[in-house]
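The basis for the numbers below is simple: all heavy atoms, side chains too, and nothing from hydrogens, waters or symmetry mates. Predicted model only: the values in this text are computed from it and were never measured.
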Amino acid sequence: GISILFLGAGLALGLWTALEMRDLVSDQFNEQQLMLARHVSFLIDKQMRFLEKELLLLKRALALQPFDPERYYEDIQQSFQRVLESGVWKIEILDLHARREYTFMPYKHWTWKETPAERMTLLPPPETLGEEIVFISETQVKPFGIGLFMGTLLPEESPMVLLFNLNISWFLSPFLREIRSGKTGYAWLIDEKGNFLYHPNTEFIGKNSMQIREERYFGVPLGLISEIQQAKMLKGEVGTGNYYSAWHRGITGKIKKLIA
């Protein structure tokens, strides 16, 4: 009887120790993920600041001469050499009064066209833009990918805006595509509306993160990840946790995941 009692106690202790160890390992792993997430966030922010500086640098170069797309061509092509690898695929100048947009592409001659009325609504009022102010648009989902633009006001008599058009996938891939948290962990990124800007499953990119999960993962409880996103991530809070998913690098089924 005594030996059985001790055996039972030992079994209980072993189970408790295993559960405690599992929680400890999970906590340590999540803390490592959090450090990695903070580092990647720092690198992304640093690269955005670089692009803002390059935009202002180009603005100053163009301001030294009167408006002439032909004269601007060389300075803009030199700018492309520094920002193309960071995802800037198109540079534009918008004449707000004439409603014309002048488009510059790498190694191509500039073109112009009328600016659509709906695009004008995406721009802030010129009077709100100072000489050193850079504004950044919301992300835009288009058939060829996700993009945004950053702009600044040119010091011309007629209000003109200089724009960098950014391909989000080009911009983010160098930071996120090689991330491995543990053996199979990966990174995904959402914008302020909860839309996927980056995910290793490319079918998710541009889709609302909760909507696509509900459509694809029918029957998987999504309350935890919904709470994490709505109550923490979209409010800019930092932390760790866990949730359930039904996809992990091609593996399907109800899968518990750690998140930071």
Full working for side chain to side chain contact (heavy atoms under 4.5 Å, CB included) between Thr152 and Leu56: CA-CA 7 Å; Thr152 186; Leu56 293 174; 3.8 Å; yes
Co-membership, hydrophobic cluster, residues [X] and [Y], 4.5 Å side-chain:
| X | Y | result |
| --- | --- | --- |
| Ile133 | Leu153 | yes |
| Tyr107 | Val83 | no |
| Leu57 | Leu162 | no |
| Met120 | Val161 | yes |

Pair Glu132 + Arg60, salt bridge at N-O below 4.0 Å: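 Here Glu132 pairs with Arg60 in a salt bridge, since their nearest N and O are under 4.0 Å apart.
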Salt-bridge criterion met for Asp45 and Arg49 (N-O under 4.0 Å):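 Looking at Asp45 and Arg49, the cut-off is met.
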Spacing of [X] atom [atom1] and [Y] atom [atom2] [to the nearest 0.5 Å]:
| X | Y | atom1 | atom2 | result |
| --- | --- | --- | --- | --- |
| Leu51 | Phe171 | CG | CZ | 6.0 Å |
| Thr139 | Asp191 | OG1 | CG | 3.5 Å |
| Lys207 | Ile190 | NZ | CD1 | 16.0 Å |

Member of Leu58, Leu55, Leu163 meeting the side chain to side chain contact (heavy atoms under 4.5 Å, CB included) criterion with Ile91: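 Looking at Leu58, Leu55, Leu163, the match for Ile91 under the side chain to side chain contact (heavy atoms under 4.5 Å, CB included) is Leu58.
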Pairs where residues 114-134 contributes a residue and the test ring-ring contact (aromatic ring centres under 6.0 Å, His included) is met, not counting sequence neighbours: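 Found none.
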ring-ring contact (aromatic ring centres under 6.0 Å, His included) evaluation trace for Phe67 with Tyr102: CA-CA 11 Å; Phe67 174 71; Tyr102 300 85; 5.2 Å; yes
Lys193 vs Glu138, side chain to side chain contact (heavy atoms under 4.5 Å, CB included): CA-CA, chis, key distance, verdict: CA-CA 9 Å; Lys193 295 180 179 179; Glu138 293 184 354; 3.0 Å; yes
Candidate pair Asp75 and Leu62, rule side chain to side chain contact (heavy atoms under 4.5 Å, CB included), full reasoning: CA-CA 7 Å; Asp75 285 323; Leu62 300 183; 4.0 Å; yes
When you look at [atom1] of [X], are more than 12 heavy atoms from neighbouring residues, nucleotides or ligands closer to it than 6.0 Å?
| X | atom1 | result |
| --- | --- | --- |
| Glu85 | CD | no |
| Glu203 | CD | no |
| Gln65 | CD | yes |

cation_pi(Arg119, Phe149) dist<6.0 Å, angle<=45: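 Checked: cation-pi criterion met.
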